[in-house]
> 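Take this structure first; my questions come after.
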There are 2 protein chains.
Amino acid sequence: MTLTINGTEIARSIRSRVAQRVAETAATGKRPGLATILVGDDPASAVYVAAKRRAIRQAGMRDFHRHLPRHASRGEVAAVIDELAADPDVSGILLQLPLPAQLDAGPLIDRIPVTKDVDGLTTASVGRLARDEKGLRPCTPSGVIELLDAEGIELKGACAAVVGWGALVGRPLAQLLLRRGATVSIAHEFTADLASVTRTADIVVVATGVRGLIGSEHVKSGATVIDVGIHRTPDGLVGDVRAAELDGIAGRITPVPGGVGPMTIAMLLVNTLRAAEWDSARAALSV
Amino acid sequence: MTLTINGTEIARSIRSRVAQRVAETAATGKRPGLATILVGDDPASAVYVAAKRRAIRQAGMRDFHRHLPRHASRGEVAAVIDELAADPDVSGILLQLPLPAQLDAGPLIDRIPVTKDVDGLTTASVGRLARDEKGLRPCTPSGVIELLDAEGIELKGACAAVVGWGALVGRPLAQLLLRRGATVSIAHEFTADLASVTRTADIVVVATGVRGLIGSEHVKSGATVIDVGIHRTPDGLVGDVRAAELDGIAGRITPVPGGVGPMTIAMLLVNTLRAAEWDSARAALSV
């Protein structure tokens, strides 16, 4: 029998622990705050940002939000980031992607100080992850690790296949898995024989953006399958995995929706809390 | 028949091309220069630094060298790095590792500006590699890629196994191979069944520091085997691979010595040249 990994419930438990911690520290000191920056009016981005802000407020954190017009210049966005970077009440800064076409995301992201980089996407954070140093890790791959931990799946010595080598999920996830002692294989669009890579893995994580890419021919009996994909179809949301085919084959699988999705927001709250605590620790050290 | 990859010859050809380019640019402008910093009197480090300086001079570049005493403080080393960082004649800075025990390497390495980081080890360079952005890449893994290219081995779509997940070779090499379109599996000390990872690979790169770890049971017929290991024995230098066992099995193999070793210095020269050209490009842009 294939078990379903209940990401909604695991995320809820993490969010409740974050809220508790926020309540404790708010009594004695400062309340963590997240600043979200939305440029333009992309409907999907607006929905994501609204969900993040709601979660931040529900956790008892401060919600700072900046909405810039679609035609905002590089300088205007940079000025907002710099102002938030300098604001001691702002623990974390999130620049919602994608940006409108006239803006180059890389240099703007890199204006976010490493201690406030709750998305973990700045060059400095990426370098700290690769060098195994203290830093904030991207939310979705951290959420995948949390799911595996919550299910009690041993990572040390396990064989993991990461399908998809994107900057947001695949690359950081491969490093997080390696850091935990997993043997990791990374497959992508140029991989000649995908099944040969995934079929030997105890853990298969799929983050390709290709709907229904992974099916029964790709997964060995008893493997844990984590589906990061999300696609809107007339029949509802589906992932990169043909989940129905894996019933009775996979040991555990994340559903879409209700698997990885809720974890991303939960880890954003965790990162905002970590950023606030990191910042306090730095302030205390510099006294 | 197993072909031997002649790293000495490939490195010589690269060094000669670098020297030619240095001669060309020296006629019209500035001569690239490398600053090596040696702290203490470790005999092996002294030998390595001497070899690097000799190669730099042979390529027609300027050789800056600083030797600090074994008990040098963090502040003393930092001051030397800062001075070299500010010197426009210094294109690249190399802090020879390991440092004496009282010095924490990470923060000192991070004082090297990203444009002068010829070892590619600063957080900024590591982040740029992980984000696929312009930057200087670590010499040994770049040298491995150059060897594979020189032998005409197709990387796109190839299956590569990287054995060893160290910061100097395994981690950056995995990223360089992925960037070139290889499917990459990374094995390390916690890998339960090493042969199952390496036996399916078209390219096996071994950088573990474990003498003779890889033998005939680990390699499929026709595979290319790159041995980054180097160990001094009464019978001479040997690698992480039991090379004699692979004769007639591997398609191509690097010898030890004369395989990867010479490439590291060749790529240091390439990086010094790139650093000088990057610096000129920046200077030109800021005019």
Side-chain angles (χ1 to χ4, degrees), chain A residues 104-107 109-110 114 117 120-135 138 154-168 170-172 174-175 177-194 196-202, chain B residues 104-107 109-110 114 117 120-135 138 154-168 170-172 174-175 177-194 196-202:
Chain A
D104 184 10
I109 290 171
D110 275 347
V114 71
D117 179 22
L121 296 179
T122 62
T123 306
S125 293
V126 169
R128 280 164 180 262
L129 168 58
R131 283 188 19 170
D132 249 3
E133 292 168 351
K134 182 182 173 108
E154 177 67 77
L155 299 181
K156 195 166 176 174
C159 282
V162 175
V163 186
W165 191 56
L168 299 182
R171 294 185 206 186
Q175 297 192 65
L177 288 165
L178 281 158
R179 181 157 166 38
R180 291 287 296 275
T183 301
V184 176
S185 297
I186 302 147
H188 45 68
E189 55 182 325
F190 302 122
T191 296
D193 182 359
L194 180 55
S196 79
V197 177
T198 54
R199 227 166 20 209
T200 55
D202 308 306
Chain B
D104 184 9
I109 290 172
D110 275 346
V114 70
D117 179 23
L121 296 179
T122 61
T123 305
S125 292
V126 169
R128 279 164 180 263
L129 169 58
R131 284 191 15 172
D132 248 2
E133 292 169 350
K134 181 179 172 110
E154 177 67 75
L155 298 181
K156 194 166 175 174
C159 282
V162 174
V163 186
W165 193 56
L168 298 183
R171 294 185 206 188
Q175 297 192 66
L177 288 165
L178 281 159
R179 183 159 164 34
R180 290 288 295 275
T183 300
V184 176
S185 296
I186 302 148
H188 45 67
E189 56 184 322
F190 301 121
T191 296
D193 181 359
L194 181 55
S196 77
V197 177
T198 55
R199 226 165 22 205
T200 54
D202 307 306

> Chain A heavy atoms under 4.5 Å from B/L194: which part of the residue, side chain, backbone, both or neither?
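Answer is neither: B/L194 stays 4.5 Å or more from chain A.
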> Name the region of B/D110, side chain, backbone, both or neither, that has any atom closer than 4.5 Å to a heavy atom of chain A.
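The side chain, not the backbone.
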> Give, as side chain, backbone, both or neither, the part of B/D132 having an atom under 4.5 angstrom from any heavy atom of chain A.
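For B/D132, backbone and side chain are both near chain A.
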> For the pair A/I186 and B/I186, evaluate side chain to side chain contact (heavy atoms under 4.5 Å, CB included) and give the outcome as yes or no after the intermediate values.
CA-CA 8 Å; A/I186 302 147; B/I186 302 148; 3.9 Å; yes
> By a 4.5 Å heavy-atom criterion (distance strictly below it), what part of B/E133 contacts chain A: side chain, backbone, both, or neither?
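Side chain only.
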> Side chain, backbone, both or neither: which part of A/I109 has an atom under 4.5 Å from a heavy atom of chain B?
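For A/I109, the side chain is the part near chain B, not the backbone.
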> Chain A: which of B/A130, B/A192, B/A161, B/G181 shares the most heavy-atom pairs with it under 4.5 Å?
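It is B/G181.
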> Relative to chain B, which of A/A124, A/A182, A/G106, A/A187 shows the most heavy atom pairs under 4.5 Å?
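So the answer, after comparing A/A124, A/A182, A/G106, A/A187, is A/A182.
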> Report yes or no: does A/R131 contribute a side-chain atom to a donor-acceptor pair with the main-chain N or O of B/L121 at less than 3.5 Å?
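At least one qualifying donor-acceptor pair exists.
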> To the nearest 0.5 Å, what is the distance between NE2 (B/H188) and CZ (A/R179)?
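Result: 12.0 Å between the selected atoms.
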> Please state whether the side chain, the backbone, both or neither of A/R180 comes within less than 4.5 Å of a heavy atom of chain B.
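Neither the backbone nor the side chain of A/R180 comes within 4.5 Å of chain B.
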> Side chain, backbone, both or neither: which part of B/R128 has an atom under 4.5 Å from a heavy atom of chain A?
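Contact with chain A: backbone and side chain both.
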> Could you report the tightest heavy-atom contact between A/G120 and A/V126, atom names first, then the distance?
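Of all heavy-atom pairs spanning A/G120 and A/V126, the closest is O-CG2, 3.9 Å.
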> Are the side chains of B/W165 and B/E189 in contact, using a 4.5 Å heavy-atom criterion?
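No, every pair of side-chain atoms sits at 4.5 Å or beyond.
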> Would you say B/D117's side chain and B/S125's backbone share a donor-acceptor pair under 3.5 angstrom?
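No, the answer is negative, given that no donor and acceptor are paired below the 3.5 Å cut-off.
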> How long is the gap from OG on A/S185 to CG on A/L177, to the nearest 0.5 Å?
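Here the interatomic distance stands at 11.0 Å.
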> Which one wins on heavy-atom pair count under 4.5 Å against chain B: A/D193, A/T191, A/L178, A/V197?
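That would be A/L178.
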